[in-house]
Amino acid sequence: MKKITIAIDGFSSTGKSTIAKELAAKLKYVYVDSGAMYRAVTLYAIQRNLISEDKFFKKELIKELKQIQLVFKFNSALGFAEIYLNGVNVETEIRNMKVSRLVSKVAEVPEIRKKLVEQQQKMGKYKGVVMDGRDIGTVVFPDAELKIFMTASAEKRAKRRFDEFMERGEQVTFEETLKNVEYRDYIDTTRKDSPLVKAKDAIEIDNSTLTKAEQFEKVYKLALEIIR
Ligand code: CDP
């Protein structure tokens, strides 16, 4: 069977990574969470005191980019690859509210995007990859054979993300989560470099009322039609 590239883009908390992970497992493809890379760079900037709510030492962070090593290592118990920042597994830490509040500011910086996009393109060089993010079908893999664009109402998305925060025991309110989802949507869609837009040839899926199984079936069918 021929191997293809599958790009899954969309708004925050639309369940992109859930579907991308399932799809990669079923097709025996590599799954790459590009958002984890932007989050890991943000965590690095926080650890180095280069960013907070009221300051961002952008030039310093750009200078330090060479020192940031991001590696995905497959965790067979979990069934997907976890991200390591300079040798440390940061898969859980990058999902906290602090990183969520600052990540879109970091992701606006063209020099940072350039570095991460190059790395993402290398990871997808031999196809057989499912990558999710904001610019995968438009910038990273404009020739991807299957492009999915996922949407859902902001309330639904915030509810999903809030439930994840609660499961991890994070001290956040629903209102704060909703605000963060809307804030990131705004920055991600209005930034100059690689804004979040639906690629012309992407298939849009609004999963506000779809179950996980229904949305998976839909996308899996689309992938098989192309692969066969
Ligand atoms: O999981 P969630 O939908 O909340 O977001 P994510 O995929 O972890 O991405 C976090 C942030 O990284 C996004 O809000 C974007 O600002 C940025 N991002 C990006 O700019 N380009 C990508 N390809 C992936 C993420």
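Read the numbers this way: they start at 1 and go in the same order the structure lists the ligands and their atoms. Both backbone and side-chain heavy atoms feed into the values below; hydrogens, waters and symmetry mates do not.
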Legend entry - Over 12 foreign heavy atoms within 6.0 Å of NZ, K198: yes
Inset, instruction - Check the hydrophobic clustering (I, L, V, M, F, W, Y; side-chain heavy atoms under 4.5 Å; chains of links allowed) and say if L146 and V140 are grouped together. - result: no
Legend entry - Lys/Arg N to Asp/Glu carboxylate O, E145 vs K127, below 4.0 Å: yes
Inset, instruction - May I ask you to decide whether R113 forms a salt bridge with D135, counting only side-chain N to carboxylate O separations under 4.0 Å? - result: yes
Without placing hydrogens or testing angles, list every side-chain donor-acceptor pair under 3.5 Å for residues 91-108, not counting sequence neighbours.
from	atom 1	to	atom 2	distance (Å)
E91	OE1	I83	N	3.0
E91	OE2	R95	NH2	2.7
R95	NE	E91	O	3.3
R95	NH1	D33	OD2	3.4
R95	NH2	D33	OD2	3.0
N96	OD1	K98	N	3.2
N96	OD1	V99	N	2.9
N96	ND2	E93	O	3.2
S100	OG	R39	NH1	3.1
S100	OG	N96	O	3.0
R101	NH2	E176	OE2	2.8
S104	OG	D188	OD1	3.0
K105	NZ	E53	O	3.4

Inset, instruction - Salt-bridge test for E214 and K218: reply yes if a basic N is under 4.0 Å from a carboxylate O, no otherwise. - result: no
Inset, instruction - Give the protein residues with at least one non-hydrogen atom closer than 4.0 Å to an atom of ligand 1, ordered by chain and number. - result: S12, S13, K16, S34, G35, Y38, R39, V103, S104, A107, R113, G133, R134, D135, I136, R161, R184, D188, R191
